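Notes to accompany the following structure.
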Amino acid sequence: MSSLPDIQPVVFSPEIEQTAPDEINTIAELVEVFLGMAHTVADYEGHAFRAVHAKGHALLRGKLTVREGLPAVYAQGLFAQPGEYEAIMRMSSPPAEQLSDQVSTPRAVALKLMRVPGERVPESRDHDTQDFLMVNGPVFTRPGPKEFLRDAKLLAATTEKAPEAKEVFSSVLRGAEKVIEALGGESETLKALGGEPATHPLGDTFYAQTPFLYGPYIAKFALAPVSPALTALTDQPLQSEDEDAQRHAISAFFHDRDGAPVEWELRVQLCTDLARMPVEDASVQWPEALSPFVAVASLVVPPQQSWLQGRSQVEEDELAFDPWHTVAAHRPLGAVNRARRVVLAASRQFRGAFNRCPIHEPKLRRA
Ligand code: HEM
């Protein structure tokens, strides 16, 4: 651990969180827009999916091991002591629809740890799970829920309208994104709209983008591939005529592994400067020069069947991932997370009721 940075993390205090006067109205509007999208898709498909991140590509089982000997500032909350946790990992794409993978959007991962001890936030006081929701880019596309609401309305207006047109649009946007990259930039907006380069999801680094308590401190989380078999896939093109290209690529990878597990690192970036590493603006990338991401745990995933047509759909219908499924030591912070507390709950209530499929945490501590 000698190479770990010598940093002075900011200690959290309640005034660091600033709630906008109209935040409650923005959140109510977000609920309306997201439920509208979920309704549109449910009417079209005859089945309700997550209001966003509707298409699952993999449901993997693994184990997260908290590292031994972490320095005191990193040994906080769930990472205070070495330990092992069973994990479920769902890989998905953000759109509301079951789109063909020819429409190339960002990629996401949701991680759920089981039987995590410790005081809970009130929202999940009956559970003992710890969830991390991450996307393959370091920042959220907008500073907060108010700006995000405008994008959400745009998305809602195109939900289930001409999926074929979205495929054409996506390939045009990918072309535009390549031109912008060649000029030395990246456009998060183009990527979110379908211009994400179509590469293998198992090579991606995923980011929680928003801040969380980290014991007395404030942190962002990331999940990075470290096994050579995974890093070899980073930026590897994944384009074919296959509309479930991601599902099939992940299945092939975990089927052909000859018994060898693969590893990701769960990394933490502690906030050391509230001005340059803000809590309320999720669109600002926290500079790694001030505080780098540091590995606090390893996620090891053995070979397995990552997707079973039919069974995996039922399983993902029954599951819900939410950053508010957490111990109090990792309570979500900032406006985007406050909005998610309400919008994610509304989405899972809707799909549970529509499908008559009760959603539950995989293991409850109390009956
Ligand atoms: C105000 C901002 C946001 C809103 C309103 C929002 C809304 C939602 C909703 C409604 C769901 C579906 C929940 C369900 O039915 O179970 C969802 C899923 C998801 N969100 Fe967000 N989200 C926001 C920000 C973010 C951010 C910042 C991230 C991470 C960087 C993220 C990552 C995910 C992931 C990975 C899933 C899929 C979870 C799963 O596999 O079940 N979201 N979001």
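Counting convention: from 1, in listed order, for ligands and their atoms alike. The shown structure was predicted, so the numbers you read here are calculated from the model rather than taken from an experiment.
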Close N/O pairs between ligand 1 and protein, under 3.5 Å:
{"residue": "ligand 1", "atom": "15 (O)", "partner": "S347", "partner atom": "OG", "Å": "2.5"}
{"residue": "ligand 1", "atom": "15 (O)", "partner": "R351", "partner atom": "NE", "Å": "2.8"}
{"residue": "ligand 1", "atom": "16 (O)", "partner": "R351", "partner atom": "NH2", "Å": "2.7"}
{"residue": "ligand 1", "atom": "20 (N)", "partner": "H53", "partner atom": "NE2", "Å": "3.4"}
{"residue": "ligand 1", "atom": "40 (O)", "partner": "R90", "partner atom": "NH1", "Å": "2.7"}
{"residue": "ligand 1", "atom": "41 (O)", "partner": "R50", "partner atom": "NE", "Å": "2.6"}
{"residue": "ligand 1", "atom": "41 (O)", "partner": "R50", "partner atom": "NH2", "Å": "3.3"}
{"residue": "ligand 1", "atom": "42 (N)", "partner": "R340", "partner atom": "NH2", "Å": "3.4"}

Check: F350 ring centroid to H39 ring centroid under 6.0 Å: yes
Check: Y74 ring centre within less than 6.0 Å of F79 ring centre: no
Which donor-acceptor pairs under 3.5 Å do the side chains of residues 327-335 make with protein atoms, sequence neighbours left out?
{"residue": "H330", "atom": "ND1", "partner": "L213", "partner atom": "O", "Å": "3.1"}
{"residue": "H330", "atom": "NE2", "partner": "L78", "partner atom": "N", "Å": "3.0"}
{"residue": "R331", "atom": "NH1", "partner": "E17", "partner atom": "OE1", "Å": "3.2"}
{"residue": "R331", "atom": "NH2", "partner": "E17", "partner atom": "OE1", "Å": "3.3"}

Side chain to side chain donor-acceptor pair (under 3.5 Å) pairs, two or more places apart, involving residues 211-238: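 Non-adjacent pairs meeting side chain to side chain donor-acceptor pair (under 3.5 Å): zero.
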All salt bridge (charged side-chain N to carboxylate O under 4.0 Å, His left out) counterparts of K146, not counting sequence neighbours: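 Checked K146 against salt bridge (charged side-chain N to carboxylate O under 4.0 Å, His left out); matches are D22.
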NE2/H47: more than 12 non-hydrogen atoms of other groups inside 6.0 Å: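 More than 12 heavy atoms, drawn from other residues, nucleotides or ligands, come within 6.0 Å of this atom.
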